[in-house]
Amino acid sequence: MPVARLSDLDERGRAVVDVGGTPVALVRVAGELFALQDTCPHRGGPLSQGDVEGYLLHCPLHAWPFDVRSGVCPSNAGARIRIYAVRVVGEEIQVAPISGSVSAP
Ligand code: FES
């Protein structure tokens, strides 16, 4: 589904959009656009405001890292976030769910 346009991304290549009532973070990493749930499964931190290290996005509240490609949190077994497939058509950003499990240990 279309959720935003490339011009909606901020200077860091990020935006938060609504997908079926869920806030979803668009995050550009290494020149590629990823989409993932914006709410951290630990205590609800806004992942869209986290720092990136490689493909790991660190939650701004307690620094749990999440791999933007898989949603897996490598430092907390069992913790993962929902990720979405991203497609850019012209200026339009489209997303679709590709994983349904969201969990915290
Ligand atoms: S709220 Fe994200 S690590 Fe605690």
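When a ligand or atom number is given, it counts from 1 through the structure's own listing order. Note that this is a predicted model, so its numbers are computed, not measured.
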Of all protein heavy atoms, the one nearest atom 1 (S) of ligand 1 is Arg43 N, 3.2 Å
Given the options Leu47, Leu57, Leu56, Val52, Val68 meets side-chain contact (heavy atoms from CB on, under 4.5 Å) only with Leu57
The atoms of ligand 1 lying under 4.0 Å from a heavy atom of Trp64, numbered in the order shown, are 3 (S)
The atom of His42 among N, O or S that is nearest atom 4 (Fe) of ligand 1 is ND1
Of the backbone and side-chain N, O or S atoms of His62, does one lie nearer to atom 2 (Fe) of ligand 1 than 2.8 Å? no
With rounding to 10 degrees, Cys59 SG, atom 2 (Fe) of ligand 1 and Cys40 SG define an angle of 110°
Does Glu91 CD have over 12 foreign heavy atoms under 6.0 Å away?
yes
**Asked** Are Leu6 and Val24 connected, step by step, through hydrophobic side chains (Ile, Leu, Val, Met, Phe, Trp, Tyr) whose heavy atoms are closer than 4.5 Å?
**Response** yes
When you check the gap from the basic side-chain N to the acidic O, do Arg12 and Asp10 get nearer than 4.0 Å? no
Tell me whether Asn76 contacts the main-chain N or O of Cys73 through its side chain, where contact means a donor paired with an acceptor under 3.5 Å.
no
